[in-house]
Amino acid sequence: MNLNEPAKPSNFIREIIDNDLQTDKYGGRVHTRFPPEPNGYLHIGHAKSICLNFGLAGDYNGKCNLRFDDTNPVKEEEEYVESIKADVRWLGFDWEDRLFFASDYFEQMFEYAVQLIKCGKAFVCDLSSEQMREYRGTLTEPGRESPWRNRSIEENLDLFNRMRAGEFPDGSRTLRAKIDMASPNLNMRDPVMYRILHASHHNTGDKWCVYPMYDWAHGLEDSIEKITHSICTLEFEAHRPLYDWYLIQLGAYRPQQIEFARLNMTKTVMSKRKLLELVKGKFVNGWDDPRMPTISGLRRRGYTPESIRLFCNRIGVSKADSTVDVALLEHCLREDLNKRAPRVMAVLRPIKAVIENYPEGKVEELDAVNNPEDPTMGTRKIPFSRVIYIERDDFMEDPPKKFFRLAPGREVRLRYAYIVKCEKVVKNPETGDIVELRCTYDPETRSGSAEGRKVKATIHWVSAEHAVEAEARIYDHLFLKDDPGNVEEGADWKDNINHNSLETLQGCKVEPSLANAAPGSRFQFERLGYFCVDADSKNGKPVFNRTVTLKDEWAKIAKSEKSGSQKQDSN
RNA sequence: UGGGGCGUAGUCGAGUUGGUAAGACGUCUGACUCUGGAUCAGAAGGUCGUAGGUUCGAGUCCUACCGCCCCAGCCA
């Protein structure tokens with residue numbers, strides 16, 4: 001895959017692979033897999049894993065499988081497998097003909113289990129889950145062996161087959177590996193391999209009523225698919241001895257498990273549980289709410305696959321717990337969109353401006369460049385007339401020193417048009433609100449003319465007569481704090497939700513070219529930010545999601561002045 | 001507390017066989033600009049968790065300590 005992306009920095013996984021290639025451990029092959037459980041939507045943390053696994057395969061001329069780890073029918077649904085496939089594809093990765101399901105291997109896994117029983121390494125246990133917990137011991141005390149641990153091979157075989165046949169109720173028995181109840185690694189204290197679950201599975205229906213546990217299943221899946229490097233997150237580190245143990249007992253092909261640190265990001269939450277809670281609790285409008293860190297949310301927000309891949313390559317891979325600043329994600333987005341997004345003029349909070357000395361009824365078609373970063377994107381015509389809308393924030397009646405936009409008696413350039421001067425402010429006599437601005441223009445200053453007068457600012461505008469009415473959804477971070485999960489005792493992470501993370505603006509005025517913009521298309525609203533057409537748009541009434549603002553020097557100045565004056569207030 | 005991991009600038013994160021610390025984001029300066037965008041130039045910011053030791057020399061090796069994360073689901 002040629003993504004035109006810079007070389008990825010080295011990391012400890014590449015070192016392992018390089019070394020394995022040198023020693024010919026896997027015959028020169030690199031074969032990875034992305035193994036999601038279809039029990040939720042993918043998020044940016046999964047994107048890190050996807051980019052890692054598919055990226056490595058691509059860079060080393062290997063392969064990467066998409067495999068659903070669907071071993072728990074009570075949590076998994078078809079809806080999730082479809083969304084996951086769509087998200088991986090959207091991110092730009094291709095599993096070709098290698099779409100697999102753990103459930104495809106259930107029969108084979110069962111046979112492997114029989115093999116383990118036959119060599120005396122597994123047994124059917126009748127302990128209840130509570131009893132098993134008691135027998136397991138604690139972190140500091142060894143466990144005790146199950147009283148069922150020494151059943152004969154024949155009895156184990158018989159019982160295990162009858163478990164499969166559905167003779168026993170849920171929870172009544174398990175198949176367990178016979179390892180070591182005194183192991184300091186609790187995962188090795190005779191772990192459960194199969195549990196009885198009379199539940200129908202999204203893939204196998206009611207064929208099975210015993211389902212394999214993760215530790216038993218995962219290594220087998222990797223082994224069956226001849227995976228070379230089985231990359232997973234840090235919490236599975238303590239499971240690696242078990243992963244290895246099963247495959248060694250079976251004499252099966254054994255991949256190398258490698259663990260890396262999962263992604264955390266500021267101003268958001270990443271756990272499936274919390275994400276689900278946000279959706280179920282209606283704190284957001286579904287999994288694809290543009291404030292969600294889900295792939296579908298980011299997509300709807302207007303993120304590009306390229307920007308997400310770029311981000312994943314830039315954050316690197318390591319074993320240290322870390323939290324990446326969301327500003328880096330946003331930086332990658334701007335970097336990508338800056339090159340590609342067509343520029344367009346849109347006024348989000350309009351204020352009317354009448355250019356008094358401009359002839360009534362006259363309309364000029366002015367040339368505007370579509371993208372100064374890319375001349376091949378050409379130009380377009382935009383209409384200019386006597387009455388226009390400008391951004392309310394671009395005018396201040398009593399501006400501070402560092403504000404150099406429009407104010408009474410001051411001049412600014414209207415982008416692609418003329419220099420205008422504010423002559424008068426018209427207010428509602430009752431409320432004192434500014435209703436409109438009366439301006440004059442200098443006919444000698446039309447864009448492209450040889451005139452060389454400089455003004456301190458250029459602002460965007462839309463001709464009132466030609467404006468298209470639009471809705472804009474202004475998104476901000478979903479959480480107030482960098483680490484929403486880090487709360488005092490008794491407090492809830494949801495207390496950190498930013499209740500102003502969505503502001504819906506009606507009556508926005510956008511240039512006519514946007515009237516029928518296709519859902520999903522992305523634009524830069526000049527001076528404001530990048531916006532993406534939402535699927536809620538109707539013909540002639542587009543809805544825009546603000547993807548991300550432009551970097552805004554003025555916002556920084558305004559903010560620091562504000563906090564400066566607050567400091568003074570408190571003194 | 002038993003076991004397994006991890007600790008390099010505000011945040012990520014490179015640091016091959018020991019020769020006194022890449023890069024990116026963020027922050028701050030300046031230049032340029034018909035987007036206060038982009039671009040360009042530059043700056044600040046690190047006792048490499050701490051303390052010892054080996055060595056001419058240690059982020060890299062040794063020892064001890066400290067801190068953080070994970071494991072006691074018939075979840076993954």
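Throughout, protein chains are lettered first and strands after them, A, B, ... in sequence-line order, and every chain is numbered starting at 1.
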Report summary line: The answer to which of A:Ile557 and A:Asp126 contacts RNA chain B further toward the 5' end, by nearest nucleotide, is A:Ile557
Query raised in the report: Do the side chain of A:Arg195 and the main chain of A:Pro212 share a donor and acceptor less than 3.5 angstrom apart?
Result: yes
Query raised in the report: Is there a donor and acceptor pair, one atom on the side chain of A:Arg405 and one on the base of B:G36, closer than 3.5 Å?
Result: yes
Query raised in the report: Does the ring centre of A:Phe106 sit less than 6.0 Å away from the ring centre of A:His201?
Result: yes
Report task. Using the side chain to side chain donor-acceptor pair (under 3.5 Å) rule, take A:Asp190 and A:Tyr135 through it: C-alpha gap first, then chi angles, then the decisive distance, then the call. Result -> CA-CA 10 Å; A:Asp190 290 6; A:Tyr135 274 78; over 6 Å; no
Report summary line: RNA chain B nearest-nucleotide lookup for A:Asn72 and A:Ala555: closer to the 5′ end is A:Ala555
Query raised in the report: With sugar-phosphate meaning primed atoms plus P, OP1 and OP2, does A:Gly143 contact a base, only sugar-phosphate, or nothing at under 4.0 Å between heavy atoms?
Result: nothing
Report task. Would you mind classifying the nucleic acid contact of A:Val455 as base, sugar-phosphate or nothing, using non-hydrogen atoms under 4.0 angstrom? Result -> nothing
Query - Sugar-phosphate, base or nothing in reach of A:Tyr418, heavy atoms under 4.0 Å - result: nothing
**Report entry** Nucleotide pairing, RNA chain B (Watson-Crick or G-U, distances under 3.5 Å), in dot-bracket with [ ] and |
**Finding:** .((((((..(((..........))).(((((.......))))).....(((((.......))))))))))).....
Query raised in the report: With ring centroids as reference points, do A:Tyr214 and A:His218 lie under 6.0 angstrom apart?
Result: yes
Query - Among B:U35, B:C74, B:C75, the nucleotide that comes nearest once only the side chain of A:Arg343 is considered - result: B:U35
Query raised in the report: Between B:G36, B:A72, B:A76, which nucleotide has the shortest distance from any of its atoms to the side chain of A:Thr138?
Result: B:A72
Requested in this report: Quickly, which of A:Arg415, A:Arg343, A:Arg380 forms a salt bridge (Lys or Arg N to Asp or Glu O under 4.0 Å) with A:Glu511? Name it, please.
Outcome: A:Arg380
Query raised in the report: At under 4.0 Å between heavy atoms, what does A:Tyr211 touch on the DNA or RNA strands: base, sugar-phosphate, or nothing?
Result: nothing
Requested in this report: Using a 4.0 Å heavy-atom cut-off across all strands, classify A:Lys272 as base, sugar-phosphate, or nothing.
Outcome: nothing
**Report entry** B:G73 phosphate, OP1 or OP2, under 4.0 Å from A:Ser129 side-chain N/O
**Finding:** no
Query raised in the report: What about A:Glu15: does its side chain form a donor-acceptor pair under 3.5 Å with the base of B:U16?
Result: no
Report summary line: Out of B:C6, B:U35, B:A14, minimum distance to the side chain of A:Ala320 belongs to B:C6
Query raised in the report: B:C12 phosphate, OP1 or OP2: any side-chain N/O from A:Ser318 under 4.0 angstrom?
Result: no
Requested in this report: Examine B:G36: is either OP1 or OP2 under 4.0 Å from a nitrogen or oxygen in the side chain of A:Arg527? Give yes or no.
Outcome: yes
Query raised in the report: For B:C28, does OP1 or OP2 lie under 4.0 Å from any side-chain N or O of A:Lys556?
Result: yes
Report summary line: Only one of A:Asp336, A:Leu329, A:Leu337 passes side chain to side chain contact (heavy atoms under 4.5 Å, CB included) with A:Tyr303, and that residue is A:Leu329
Query raised in the report: For A:Arg240, which contact category applies under a 4.0 Å heavy-atom criterion: base, sugar-phosphate, or nothing?
Result: nothing
Query raised in the report: What nucleic acid atoms does A:Pro36 come within less than 4.0 Å of, heavy atoms only: base, sugar-phosphate, or nothing?
Result: nothing
Query raised in the report: Ignoring hydrogens and angles, are the base of B:G37 and the side chain of A:Glu373 linked by a donor-acceptor pair under 3.5 Å?
Result: yes
Query raised in the report: Counting any heavy atom closer than 4.0 Å, what does A:Phe236 reach on the DNA or RNA strands: base, sugar-phosphate only, or nothing?
Result: base
Requested in this report: Scan A:Leu127 against the nucleic acid and name what it touches under 4.0 Å (heavy atoms): base, sugar-phosphate only, or nothing.
Outcome: base
**Report entry** Interatomic distance where CG belongs to A:Asp321 and P belongs to B:U8 [whole Å]
**Finding:** 11 Å
Report summary line: Quick note, A:Met213 side chain, CB onward, closest among B:G73, B:U35, B:G2 is B:G73
Query raised in the report: For A:His460 and B:U35, is the shortest distance between a side-chain N/O and OP1 or OP2 below 4.0 Å?
Result: no
Report task. For A:Glu237, answer base if it contacts any base atom (sugar-phosphate contacts may also be present), sugar-phosphate if it contacts only those atoms, and nothing otherwise; contact means non-hydrogen atoms under 4.0 Å. Result -> sugar-phosphate
**Report entry** Length of the line joining A:Asp180:CG and B:G2:C1', which is rounded to integer Å
**Finding:** 13 Å
Query raised in the report: Does A:Lys551 place a side-chain N or O at less than 4.0 Å from the phosphate oxygens OP1/OP2 of B:A38?
Result: yes
**Report entry** Any A:Arg189 side-chain N or O less than 4.0 Å from OP1/OP2 of B:G3
**Finding:** no
Query raised in the report: Would you say the side-chain atoms of A:Thr379 and A:Asp367 include a donor-acceptor pair closer than 3.5 Å?
Result: no
Query raised in the report: Is there a donor-acceptor pair under 3.5 Å between the side chain of A:Glu373 and the backbone N or O of A:Asn338?
Result: no
Requested in this report: Please state whether the rings of A:Phe544 and A:Phe523 are parallel, tilted or perpendicular, taking 30° and 60° as the class boundaries.
Outcome: perpendicular
Requested in this report: Check every atom of B:C71, B:C12, B:G37 against the side chain of A:Ser322 and return the nucleotide holding the closest atom.
Outcome: B:C12
Report task. Could you tell me whether the phosphate oxygens of B:U11, OP1 or OP2, come under 4.0 Å of any side-chain nitrogen or oxygen in A:Thr323? Result -> no
Query raised in the report: Any side-chain N or O of A:Arg136 less than 4.0 Å from the OP1 or OP2 oxygen of B:C74?
Result: yes
Query raised in the report: Looking at the side chain of A:Asn187, which of B:A72, B:G15, B:C71 is the nearest nucleotide?
Result: B:C71
Query - Sugar-phosphate, base or nothing in reach of A:Ile315, heavy atoms under 4.0 Å - result: sugar-phosphate
Report task. For the pair A:Tyr246 and A:Trp216, name the ring-plane relationship: parallel under 30°, tilted 30 to 60°, perpendicular over 60°. Result -> perpendicular
Report task. Would you indicate what A:Lys454 reaches in the nucleic acid, counting non-hydrogen atoms under 4.0 angstrom: base, sugar-phosphate, or nothing? Result -> sugar-phosphate
Query raised in the report: Under 4.0 angstrom, heavy atoms only, what part of the nucleic acid is A:Arg413 near: base, sugar-phosphate, or nothing?
Result: base
**Report entry** Phosphate OP1/OP2 of B:U11 contacted by A:Thr266 side-chain N/O (<4.0 Å)
**Finding:** no
Report task. Decide whether A:Glu79 and A:Tyr41 meet the rule of one side-chain donor and one side-chain acceptor closer than 3.5 Å. Result -> yes
Report task. Indicate, with a heavy-atom threshold strictly under 4.0 Å, whether A:Pro38 touches base, sugar-phosphate, or nothing. Result -> nothing
Report summary line: Quick note, A:Leu550 side chain, CB onward, closest among B:U11, B:G13, B:G37 is B:G37
